[in-house]
Amino acid sequence: MTLFDKILNKEIPANIAFEDETVLAFHDISPQAPTHVLVIPKHKWMRFADFASADPTQIGDYIKAVARVAKELGLEENGYRVVFNNGRDGQQTVDYIHAHILGGRRLSWPPG
Ligand code: AMP
């Protein structure tokens, strides 16, 4: 069981930004931008490839929910970045798929 399973089960507290039947969104404990929220699907996939192999309806529901959370966070007008760190080289540290939503400042590119 990962840290994010425990946050989803409310066994570990988190600063929850949004929740519906599809996703849970909570503020990152180590924010890298003025707004840094993680969005996890309630259906668990570990890696991006697992998610990409899922039912298209589930894929659509999750992606739409990520966009909705960004909008609810007030990031729609100025923009934001969505990041899926994946696997070792992608620096994925929690084996539960999560979208990072970063915004609130002009982000640099390329990432490190
Ligand atoms: P990743 O490196 O893509 O796997 O992202 C994991 C993210 O989870 C990091 O940005 C961490 O800062 C964040 N994180 C770790 N523990 C917690 C926690 N207890 N609550 C919220 N975010 C966390």
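Start at 1 with the first residue, then count along the sequence. Start at 1 and go down the list; that is how both ligands and their atoms are numbered.
- Of all the atoms in ligand 1, the ones that sit under 4.0 Å from a non-hydrogen atom of Leu3 are 15 (C), 16 (N), 17 (C).
- Those atoms of ligand 1 with a heavy atom of Phe4 less than 4.0 angstrom away are 8 (O).
- Distances below 4.0 Å separate heavy atoms of Ser30 from the following atoms of ligand 1: 12 (O).
- Between Ile40 and Tyr62, the shortest heavy-atom distance links the atoms C-CE1, 4.1 Å.
- Of the polar atoms of Ile29, at least one N or O is found under 3.5 Å from an N or O of ligand 1, judged by distance alone.
- Between Glu77 and Lys71 there is no salt bridge, since no side-chain N of the basic residue sits under 4.0 Å from a carboxylate O of the acidic one.
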Verify side chain to side chain donor-acceptor pair (under 3.5 Å) between His100 and His36, making sure each step is shown before the conclusion. CA-CA 7 Å; His100 294 253; His36 184 174; 2.8 Å; yes
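- Protein heavy atom at the shortest distance from atom 4 (O) of ligand 1 is Thr93 N, 2.7 Å.
- Under 4.0 Å from ligand 1, not a single heavy atom of Asn15 appears.
- Close N/O approach between Val94 and ligand 1 is found [any backbone or side-chain N/O within under 3.5 Å].
- Proximity of Ile12 to ligand 1, defined as any heavy-atom pair under 4.0 Å, is not found for any part of the residue.
- Every atom of ligand 1 with a heavy atom of His27 under 4.0 Å away is listed here by number and element: 21 (C).
- Under the 4.0 angstrom criterion for non-hydrogen atoms, His100 is in contact with ligand 1.
- Close approach to Gln92 involves these atoms of ligand 1, each under 4.0 Å from a residue heavy atom: 4 (O).
- For atom 2 (O) of ligand 1, the closest non-hydrogen atom on the protein side is Gln91 O, 3.0 Å.
- In terms of protein heavy atoms, atom 5 (O) of ligand 1 is closest to His98 NE2, 3.1 Å.
- Taking atom 7 (C) of ligand 1 as the reference point, the nearest protein heavy-atom neighbour is Asp28 OD2, 3.5 Å.
- Within the listing of ligand 1, atoms 1 (P), 2 (O), 3 (O) sit less than 4.0 angstrom from a heavy atom of Asn85.
- Every heavy atom of Phe84 sits 4.0 Å or more from the atoms of ligand 1.
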